[in-house]
Trainee: 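Have a look at this one before I ask anything.
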Amino acid sequence: MRLIKLKDKTEILKIAIFVEDKYGPGFIRKVIDRLIEDGKIKNRRFEYQRNSPALIKKCNESKFRKVKSVVREVDKVLIIIDKENIYNYDEDKDIWRHLSGLKSEDKSKIVVIATGPEIEEWICISYGIAFDKTGYNVKDKPNEVLKRKLSYKNERLKDFADKLDFDKLLTKSESFKLFYKSLTT
């Protein structure tokens, strides 16, 4: 990694983040800002690769060209996707087959964070709202449960970054733990 160390011992990590939802980039950036503000990430700043966080569609070869084109310019690439249905999700099929041909040192920079079944799980866990973790029961997926309980709309995703309970997420969400670890190690 090419971490830049400043005089105050702060590291600057150059990252590129790809998410599959058009409301995800603002949400993820706000979550990272909050982690820094709340002191959960110390002595590290992030320099985002241009146009990052950016959109990417799972199972879409042309969209993965974005990842391939930036992997050498950054220290780390985060790909955040929704599993949708835990039994049909296959990381090799859904992600890595599109990234074939990358050198092993480039692949080692990539972290795939698959939320189960969707990123709204972070909101449900933070609020203590039960949801279907498998994704099979469509009416009980996090997005749908939040619509019923909190009048949630997808375009308001970014607003919920301020309401996340990081301590709860670090103990109850595998995807959030991986997300956090990828930013801190």
Side-chain angles (χ1 to χ4, degrees), residues 1 11-38 40-41 44-84 89 91 94-96 98-99 102 106 109-127 131 135 141-144 146-147 150-166 169-170 173-185:
M1 288 236 233
E11 298 174 331
I12 298 176
L13 181 67
K14 191 167 186 182
I15 60 174
I17 302 173
F18 296 92
V19 296
E20 65 169 308
D21 176 280
K22 75 177 184 174
Y23 302 109
F27 176 72
I28 292 300
R29 195 178 281 254
K30 201 166 178 184
V31 169
I32 292 171
D33 290 345
R34 256 210 61 221
L35 283 165
I36 293 168
E37 288 168 19
D38 290 2
K40 297 285 185 194
I41 297 177
R44 181 164 278 184
R45 288 196 343 231
F46 300 97
E47 182 180 302
Y48 296 97
Q49 197 277 335
R50 63 184 149 61
N51 301 323
S52 177
L55 291 178
I56 194 168
K57 294 282 185 206
K58 140 179 91 189
C59 301
N60 187 323
E61 183 72 37
S62 66
K63 299 292 183 185
F64 276 89
R65 286 191 197 116
K66 292 179 185 178
V67 174
K68 289 179 176 180
S69 70
V70 302
V71 73
R72 292 216 172 119
E73 299 173 18
V74 298
D75 300 307
K76 197 170 281 194
V77 174
L78 306 182
I79 299 173
I80 304 170
I81 60 160
D82 295 339
K83 284 183 187 176
E84 300 297 345
Y89 174 75
E91 190 170 301
D94 293 337
I95 305 297
W96 290 106
H98 300 299
L99 298 171
L102 286 177
D106 292 336
K109 294 179 180 182
I110 299 171
V111 179
V112 177
I113 300 159
T115 60
E118 53 196 10
I119 198 143
E120 286 86 355
E121 90 168 283
W122 295 359
I123 301 166
C124 285
I125 290 169
S126 293
Y127 276 87
F131 62 94
K141 285 174 89 169
N143 180 325
E144 295 301 319
L146 290 171
K147 285 178 185 174
L150 302 175
S151 301
Y152 172 78
K153 293 182 179 167
N154 291 1
E155 56 271 14
R156 290 186 44 226
L157 178 62
K158 184 168 113 175
D159 299 339
F160 284 88
D162 290 330
K163 296 167 180 70
L164 295 181
D165 182 333
F166 295 139
L169 288 169
L170 286 168
S173 172
E174 292 303 316
S175 63
F176 188 82
K177 279 188 251 185
L178 180 57
F179 172 71
Y180 178 74
K181 181 181 175 193
S182 69
L183 295 172
T184 57
T185 58

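FYI, side chains are in, hydrogens and waters are out, and symmetry mates aren't considered; it's all heavy atoms of this structure.
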Trainee: Would Arg34 and Glu37 pass as an ion pair if we require N to O under 4.0 Å?
Mentor: no

Trainee: Between Phe27 and Lys30, is there a cation-pi geometry (under 6.0 Å to ring centre, at most 45° from the normal)?
Mentor: no

Trainee: Minimum heavy-atom separation for His98 to Lys68, with atom names?
Mentor: O-CE, 3.1 Å

Trainee: Can you measure from CG (Asn154) to NZ (Lys147) and round to the nearest 0.5 angstrom?
Mentor: 5.5 Å

Trainee: So Pro25 and Ile17, do their side chains get closer than 4.5 Å, heavy atoms only?
Mentor: no

Trainee: Going by the rule side chain to side chain donor-acceptor pair (under 3.5 Å), which residues pair with Lys158 if we only count those two or more places apart in sequence or in a different chain?
Mentor: none

Trainee: Mind checking the OH-CZ spacing from Tyr23 to Phe160? Nearest 0.5 Å is all I need.
Mentor: 14.0 Å

Trainee: How about Ile28 and Ile119: do any of their side-chain heavy atoms sit closer than 4.5 Å?
Mentor: yes

Trainee: Check the orientation of Tyr48 and Phe46. Use parallel for under 30°, tilted for 30 to 60°, and perpendicular for over 60°.
Mentor: tilted

Trainee: At what distance, to the nearest 0.5 angstrom, does NZ of Lys40 lie from OH of Tyr180?
Mentor: 6.5 Å

Trainee: Say you draw a straight line from CZ of Arg44 to CD1 of Ile12; how long is it, rounded to the nearest 0.5 Å?
Mentor: 11.0 Å

Trainee: Is any side-chain heavy atom of Lys163 less than 4.5 Å from a side-chain heavy atom of Ser126?
Mentor: no

Trainee: What I'd like to find out is whether the side chain of Asp82 reaches to under 4.5 Å of the side chain of Thr115, using heavy atoms alone.
Mentor: yes

Trainee: Is there a side-chain contact between Ile79 and Leu99 (heavy atoms, below 4.5 Å)?
Mentor: yes

Trainee: Using 30° and 60° as the class boundaries, would you call the ring planes of Trp122 and Phe179 parallel, tilted or perpendicular?
Mentor: tilted

Trainee: Please answer whether the main-chain N or O of Ser182 pairs with a side-chain N or O of Lys76 as donor and acceptor at a distance below 3.5 Å.
Mentor: yes

Trainee: So, does Glu120 use its side chain to make a donor-acceptor pair with the main chain of Leu146 at under 3.5 Å?
Mentor: no

Trainee: Is there a side-chain contact between Leu157 and Tyr152 in this structure, where contact means two heavy atoms from C-beta onward sitting under 4.5 Å apart?
Mentor: yes

